[in-house]
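Please read these numbers as outputs of a predicted model, since none were measured by experiment.
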There are 2 protein chains.
Amino acid sequence: MPTAARKRPRNEDRIFTALADPSRRAIFESLTRGEAAVNDLTSRFQISQPAVSQHLAVLKDAGLVDRRKDGRRVIYRVEPRGLKPLIDWIAYYRAFWTEHVQRLEDLLDSMPDDAPDAPDASTRPR
Amino acid sequence: MPTAARKRPRNEDRIFTALADPSRRAIFESLTRGEAAVNDLTSRFQISQPAVSQHLAVLKDAGLVDRRKDGRRVIYRVEPRGLKPLIDWIAYYRAFWTEHVQRLEDLLDSMPDDAPDAPDASTRPR
DNA sequence: ACAATACATAAGCCATCACTTATATTTAAT
DNA sequence: ATTAAATATAAGTGATGGCTTATGTATTGT
């Protein structure tokens, strides 16, 4: 069947917003060291369990983490492809100043991605 | 098992918060097309001049833009090295989750179907 | 000198956010 | 069957953030 428009929302907006909060970024960073249940994460930080759950919901909505049920626990893990829109955003604008930042080239060349899309300009100039 | 000691400054904080706002990101993106005065930027968006100045102040504080005076105008331009902490952040944690993806794939290869094992208990709280 | 222009800062308003406690829901343990 | 545990959601609250208008400070033009 011919696929119609792949009009995926692909919001780098949610990603930037999700990672802007230090607690949320700390939770994400903690998950890069291995998957963990909500209770595990709650014990690692000094915020309440609902706060952790809310942060995880934001991260999940941004596509940065995924979850799986294990009995009465919910195991969260990093979604490896979640940072792709962020990398694409950087890749798109790299053309304008890339000659000054060779490390960016190095990083982007080592990324296992294919043909980054142009980040969407939902806030367009007039 | 990676026990990442914290020896990395967290200056990506301001960058994430600076880029989290769509208007501010739009201003930054606009500056990638060339340097511009505040008045130029104000005419491109539908927000007031003080709002533009405030956004530019946040971007400058994050190290994403720099400015130069030209008569009574202030010309803003992208600071090429400004995104480096962001790129470093991605590169740093990318190493972790690619490692974990590999570990997960190895696990799935060696173990067909049953008994998901316990989450990593060696992750230490801060 | 005076007026106009370009920008920054101040002050206030309103929406959003990150947190809390309380509660509902699902699953496990006894 | 009860109780406990793990998590999500609801509701409320204080703080923060982005916007506005008003005003201050340089700089240019006449």
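- Residue A/Ile47 contributes atom CD1, which lies 12 Å from atom P of C/dT21 at whole-angstrom precision.
- Rounded to the nearest 0.5 angstrom, A/Leu19 CG and A/Glu12 CD are separated by 12.5 Å.
- Residues A/Asp88 and A/Lys84 are paired through a salt bridge, judged by an N-O separation under 4.0 Å between the basic side chain and the carboxylate.
- Note: CG (B/Leu41) to C1' (C/dA6) measures 13 Å, nearest angstrom.
- Listed pair B/Lys69 / D/dA26 fails the phosphate criterion, with no side-chain N or O lying under 4.0 Å from OP1 or OP2.
- Here D/dT20 presents its C1' atom at 12 Å from NE2 of B/His55, a figure rounded to the nearest Å.
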Atom pairs under 3.5 Å, N or O on each side, protein against nucleotides 3-9 of chain D: can you list them with distances?
residue: D/dA5; atom: O4'; partner: A/Arg72; partner atom: NH1; Å: 3.2
residue: D/dT7; atom: OP1; partner: A/Val38; partner atom: N; Å: 3.1
residue: D/dT7; atom: OP1; partner: A/Val74; partner atom: N; Å: 3.4
residue: D/dT7; atom: OP2; partner: A/Asn39; partner atom: N; Å: 2.5
residue: D/dA8; atom: OP1; partner: A/Arg67; partner atom: NH1; Å: 3.0
residue: D/dA8; atom: OP1; partner: A/Tyr76; partner atom: OH; Å: 2.6
residue: D/dA8; atom: OP2; partner: A/Ser53; partner atom: OG; Å: 2.5
residue: D/dA8; atom: N7; partner: A/Gln49; partner atom: NE2; Å: 2.9

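- Side-chain N or O atoms of B/Arg67 include none that pairs as donor or acceptor with a backbone N or O of B/Val74 at under 3.5 Å.
- For B/Ser48, no side-chain nitrogen or oxygen approaches OP1 or OP2 of D/dC19 to under 4.0 Å.
- Under the rule for a side-chain contact (heavy atoms from CB on, under 4.5 Å), the partners of B/Val65 that lie at least two apart in sequence or sit in another chain are B/Phe28, B/Leu31, B/Leu59, B/Lys60, B/Tyr76.
- Contact between the side-chain N/O atoms of B/Ser23 and the OP1/OP2 oxygens of D/dC19 is found at a separation under 4.0 Å.
- Atom CD in A/Gln46 sits about 14 Å away from atom C1' in C/dC19, given to the nearest Å.
- Rounding to whole angstrom units, CG of residue B/Asp13 and C1' of D/dT16 are separated by 14 Å.
- Residues B/Asp21 and B/His55 form a side-chain contact, since some pair of their non-hydrogen atoms from C-beta on lies under 4.5 Å apart.
- Remark: B/Asp40 engages no residue in a salt bridge (Lys or Arg N to Asp or Glu O under 4.0 Å) (not counting sequence neighbours).
- Distance CZ (B/Arg68) to P (C/dA8): 14 Å, rounded to an integer number of Å.
- Following rounding to the nearest Å, A/Leu59 (CG) and C/dA18 (P) show an atom-to-atom distance of 11 Å.
- Taking atom CZ of A/Phe16 as the reference point, atom P of C/dC17 lies 17 Å away to the nearest angstrom.
- Side-chain contact between B/Phe16 and A/Arg24: absent, with no pair of heavy atoms (C-beta onward) separated by less than 4.5 Å.
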